[in-house]
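Report on the following structure.
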Amino acid sequence: MGKMIIVASGKGGTGKTTLTSQVGMWLSSLGYLTVLVDADAGFRNLDIALGLESNVVYDYSDCILSEMDIDEVLTKSYGCENLYFIAAPQSKATSDFDGERTRKFWDGLKSRFDYVLADAPAGMGDGFMFAAEYADEAIIVSLAEAPSLRDADRVIERLENCGVETIRLVLNRIQPSLISDKIQMNVDDCIDVLSVPILGIVPEDGEVAKALSQGVAAAKDRIGAGQAFFNIARRITGESIHIMDIDKPQTLWQKIFKSHSKRRERIL
């Protein structure tokens with residue numbers, strides 16, 4: 001039986017969809033059969049992050065409401081061998097779904113895949129509950145800012161009420177210079193606010209936008225977002241990987257290394 005993980009946040013704009021797509025790609029590259037489910041009915045965009053917007057024919061409402069087989073609503077990723085996707089409906093509300101059929105849908109995915117990642121809408125509405133009530137674990141994605149953390153805390157409480165016991169935090173779009181200027185909170189303070197284990201820290205990285213536009217995983221380097229996403233995927237599978245130390249401004253050596261890595265990629 002596979003594991004179902006909800007990716008949630010209190011506020012929009014924290015990078016949930018980006019994290020879901022990138023971590024899903026890395027899980028599949030590690031050899032795990034992975035399916036990503038867009039739980040944001042009416043406002044779906046996970047298909048765009050995966051480069052699959054032209055490939056989607058059906059969505060999970062066709063499975064839950066019309067009893068179409070799960071295999072028929074799956075969209076295969078053409079770039080990742082072990083990665084699949086299920087789209088959210090554009091016009092049907094998850095509040096209309098029968099509870100037993102919804103459970104059958106999620107259980108069916110867990111029986112076929114090693115990992116099921118559900119990209120939930122921000123907040124705690126129907127789309128969130130559609131995934132939260134059936135999740136085995138949760139990833140909370142937050143910015144290192146007080147409003148984002150406050151709303152994340154409320155989401156954590158709701159997940160605990162749903163019976164989700166394993167809840168971990170990803171701090172996204174961290175900029176050491178903003179931490180130094182007291183615009184972003186430091187990592188330790190963020191962890192203290194939410195009192196949940198840290199799963200990963202992702203730095204602000206322009207390479208992510210490039211990867212999303214191409215529907216591919218961000219390139220790994222020693223201090224970039226691609227490496228952070230890769231490390232998160234490995235921690236999900238149970239590996240013990242040190243958290244990247246990125247809440248301090250880059251040293252001159254790190255800047256030179258990153259510049260050299262990008263120049264080498266262009267040459268290759």
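Of all heavy-atom pairs spanning A49 and L212, the tightest one is CB-CD2, 3.9 Å. Contact between A217 and M25 at its shortest, heavy atoms only, is N-SD, 3.2 Å. Residues V164 and D136 come closest through the heavy atom pair CG1-O, 4.0 Å. Nearest heavy atoms, G12 versus A122: N-CB, 3.5 Å. Considering all non-hydrogen atoms of both residues, I156 and I167 come closest at O-CD1, 3.9 Å. Summarising the geometry of V155 relative to G10, their closest heavy-atom pair is CG2-CA, 3.6 Å, with the distance given to 0.1 Å.
Side-chain atoms of S77 and L50, non-hydrogen and from C-beta on, never get closer than 4.5 Å to each other. In this structure, the side chains of N231 and W26 stay at 4.5 Å or more apart for every pair of heavy atoms. With a 4.5 Å cut-off on side-chain heavy atoms, N172 and T14 do not count as touching. The shortest side-chain heavy-atom distance between L117 and V23 falls under the 4.5 Å cut-off. In this structure, the side chains of M129 and C162 come closer than 4.5 Å at one or more pairs of heavy atoms. In this structure, the side chains of R168 and I139 stay at 4.5 Å or more apart for every pair of heavy atoms. When side chains are defined from C-beta on, Q22 does not count as touching I232, because their heavy atoms never get closer than 4.5 Å. Within the 4.5 Å cutoff, no side-chain heavy atoms of I236 are placed close to those of Y32.
Here the CD-CG distance, from Q227 to D205, works out to 11.5 Å after rounding to the nearest 0.5 Å. Interatomic distance, N186 CG to D192 CG, rounded to the nearest 0.5 Å: 8.5 Å. Distance check: M185 CE to L171 CG gives 9.5 Å after rounding to the nearest 0.5 Å. Atom OG of S29 and atom CG of L83 lie 10.0 Å apart (nearest 0.5 Å). Here L149 contributes atom CG and L169 contributes atom CG; the two are 7.5 Å apart, rounded to the nearest 0.5 Å. Distance check: Y115 OH to T34 OG1 gives 8.0 Å after rounding to the nearest 0.5 Å.
Under the 4.5 Å side-chain heavy-atom criterion for ILVMFWY residues, a single connected hydrophobic cluster contains both V196 and M124. V216 and L36 fall into different hydrophobic clusters, defined by Ile, Leu, Val, Met, Phe, Trp and Tyr side-chain heavy atoms under 4.5 Å apart, directly or through other members. Residues Y78 and L27 share a hydrophobic cluster, clusters being chains of Ile/Leu/Val/Met/Phe/Trp/Tyr side chains in contact below 4.5 Å.
For R173 (side chain) and L143 (main-chain N/O), no donor-acceptor pair under 3.5 Å exists by modelled atom type. Under a 3.5 Å cut-off, the side chain of E207 and the backbone N or O of A225 do not form any donor-acceptor pair. Looking at R234, its side chain never comes within 3.5 Å of a backbone N or O of E239 through a donor-acceptor pair. The main-chain N or O of T18 is found under 3.5 Å from a side-chain atom of S21 such that the two form a donor-acceptor pair. When atom types are taken as modelled, the side chain of E137 and the backbone of K3 share no donor-acceptor pair closer than 3.5 angstrom. In this structure, D38 contributes its side chain and L46 its backbone to a donor-acceptor pair below 3.5 Å. A donor-acceptor distance shorter than 3.5 angstrom exists from the side chain of D62 to the backbone of D59, with no hydrogens or angles considered.
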Q: Kindly indicate, with the supporting measurements, whether the criterion side-chain contact (heavy atoms from CB on, under 4.5 Å) is fulfilled by V141 and V7.
A: CA-CA 7 Å; V141 184; V7 183; 3.7 Å; yes
Q | L159/F128 under side-chain contact (heavy atoms from CB on, under 4.5 Å): CA gap, chis, key distance, verdict | A | CA-CA 10 Å; L159 286 165; F128 168 83; 3.7 Å; yes
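Residues forming a side chain to side chain donor-acceptor pair (under 3.5 Å) with T17 (at least two apart in sequence, or on another chain): N45, D119. By the salt bridge (charged side-chain N to carboxylate O under 4.0 Å, His left out) test, K76 pairs with no residue at all, sequence neighbours left out.
Under the 3.5 Å distance criterion, with hydrogens and angles disregarded, no donor-acceptor pair is assigned to the side chains of E157 and N161.
Residues R103 and E100 are not paired through a salt bridge, judged by the lack of any N-O separation under 4.0 Å between the basic side chain and the carboxylate. Salt bridge status for D151 with K11: present, with a side-chain N to carboxylate O gap under 4.0 Å. D40 has no carboxylate O lying under 4.0 Å from a charged side-chain N of K16, or vice versa, which leaves the two without a salt bridge.
A 6.0 Å sphere centred on CD of E81 holds no more than 12 heavy atoms belonging to other residues, nucleotides or ligands. The neighbour count for K110 NZ, taken as heavy atoms of other residues, nucleotides or ligands under 6.0 Å away, is above 12. Environment of CZ in R44: crowded, with over 12 heavy atoms of neighbouring residues, nucleotides or ligands closer than 6.0 Å. The local environment of CD in E165 is sparse, with at most 12 non-hydrogen atoms from other residues, nucleotides or ligands closer than 6.0 Å.
Cluster partners of L33, by chain and number: M4, V35, V37, V57, Y58, Y60, I64, L65, M68, I70, V73, L74, Y84, I86, F97, F105, W106, L109, F113, V116, F130, Y134. The rule joins Ile, Leu, Val, Met, Phe, Trp and Tyr whenever side-chain heavy atoms lie under 4.5 Å apart.
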